[in-house]
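Because only heavy atoms are used, hydrogens play no part in the values below, and waters and symmetry mates are left out as well, while side chains stay in.
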Amino acid sequence: MAKAKTIPAKSLQAIQESKAPVNKKAARSRVGKLPDARADVPFDDDVAELKIYPRTVEDRAVYINPKTNRKLTEFQFKVLDLCAQIPKGKVTTYKKMADAVNSSPRAIGGVMRINPFCPQPVPCHRVVASDGFLGGFNGQWGAGGNMRNKRAKLEKEGCKFNADGFIVADKSGDFNVFGDFDTSKL
DNA sequence: CGAGACCATCGCG
DNA sequence: CGCGATGGTCTCG
């Protein structure tokens, strides 16, 4: 029964050629890190729960992020606001978001990590890596991570994935990265 | 106030 | 397909 868990390079190539939505770059080492389920993290595909999100400057000034026990910075709110613009059933990438606020993808990831407003109104599960890979969730990346829940949430919204954790279609049936951010109201 | 650490990435070799 | 480079932010002393 025991089979190799790593994915043969050929399969990866096939995946890239036929389905890779964004770049046709070769899959990276992270692909070999599947599966993504973690026994210690309960399954959760809820995409409806609505957290209270401080909108006004005053409210934001006093809000304490329960995840960090700290206030959120201006930049963090900016990124969260941006993320909140992603329509249901669509996804965007860390890079797109970074471009939108003149930041870097890693900084975006950093904010997603501490996002206390998941899954609403800040649907951080709709942010994937630039090549369509599901990426990280819940503070972890790839395998050790808990992509299962991120994936479950997206599937519930109508997105499709292949066996390796790459998105192949959003709700519309195609895959196109959402990048139409309105940065004017940040 | 400054330096160092961190990262749910990227893209090149 | 692996690995190092890189940018920006956060944290702590």
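- A straight line from CZ of A:Arg148 to C1' of B:dA8 spans 19 Å, rounded to a whole angstrom.
- Taking atom CZ of A:Phe137 as the reference point, atom P of B:dT9 lies 14 Å away to the nearest angstrom.
- A:Tyr94 places its OH atom 6 Å from the P atom of B:dT9, with the value rounded to the nearest Å.
- In this structure, B:dC1 and C:dG13 make a Watson-Crick or G-U wobble pair, each of the two defining distances being under 3.5 angstrom.
- Atom pair A:Phe133:CZ and B:dT9:P shows a separation of 10 Å (rounding to whole Å applied).
- At least one donor-acceptor pair closer than 3.5 Å links the side chain of A:Lys150 to the backbone N or O of A:Leu134.
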Identify the pairs formed between an N or O of the protein and an N or O of nucleotides 3-5 of chain B at a distance under 3.5 Å, and give each distance.
none

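- Within a 6.0 Å radius of NZ in A:Lys160, other residues, nucleotides and ligands contribute 12 heavy atoms or fewer.
- A:His125 has its NE2 atom 19 Å from the P atom of B:dA8, to the nearest Å.
- Shown here is A:Ile52, whose CD1 atom has no more than 12 heavy atoms of other residues, nucleotides or ligands within 6.0 Å.
- The hydrophobic clustering, which links ILVMFWY residues whose side-chain heavy atoms are closer than 4.5 Å, places A:Tyr94 and A:Leu186 together.
- For A:Lys78 (side chain) and A:Thr73 (main-chain N/O), no donor-acceptor pair under 3.5 Å exists by modelled atom type.
- Among residues two or more places apart in sequence or in another chain, the side-chain contact (heavy atoms from CB on, under 4.5 Å) test is passed with A:Lys71 by A:Ile64.
- Applying the side-chain hydrogen bond (donor to acceptor under 3.5 Å, both in side chains) test between A:Glu157 and each of A:Lys171, A:Lys90, A:Arg126 identifies A:Arg126 as the sole match.
- Side-chain atoms of A:Asn162 come within 3.5 Å of backbone atoms of A:Phe166 as a donor-acceptor pair (strictly under, hydrogens ignored).
- If you take CD1 of A:Ile108 and P of C:dG7, they are 16 Å apart, rounded to a whole angstrom.
- The separation between A:Asn149 atom CG and B:dA8 atom P is 17 Å, rounded to whole Å.
- The aromatic ring centres of A:Tyr63 and A:Phe117 sit less than 6.0 Å apart.
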Quick one, give me the B/S/- string for nucleotides 8-13 of chain C, reading 5' to 3', where B means a protein heavy atom under 4.0 Å from the base and S means that only happens at the primed atoms, P, OP1 or OP2. SSSSS-
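- Taking atom CG of residue A:Asp99 and atom P of nucleotide B:dC10, one finds them 10 Å apart after rounding to whole Å.
- A gap of 23 Å separates the C1' atoms of B:dA8 and C:dC12, to the nearest Å.
- Across every strand in view, C:dT6 sits unpaired, with no contact that passes the Watson-Crick or G-U test at under 3.5 angstrom.
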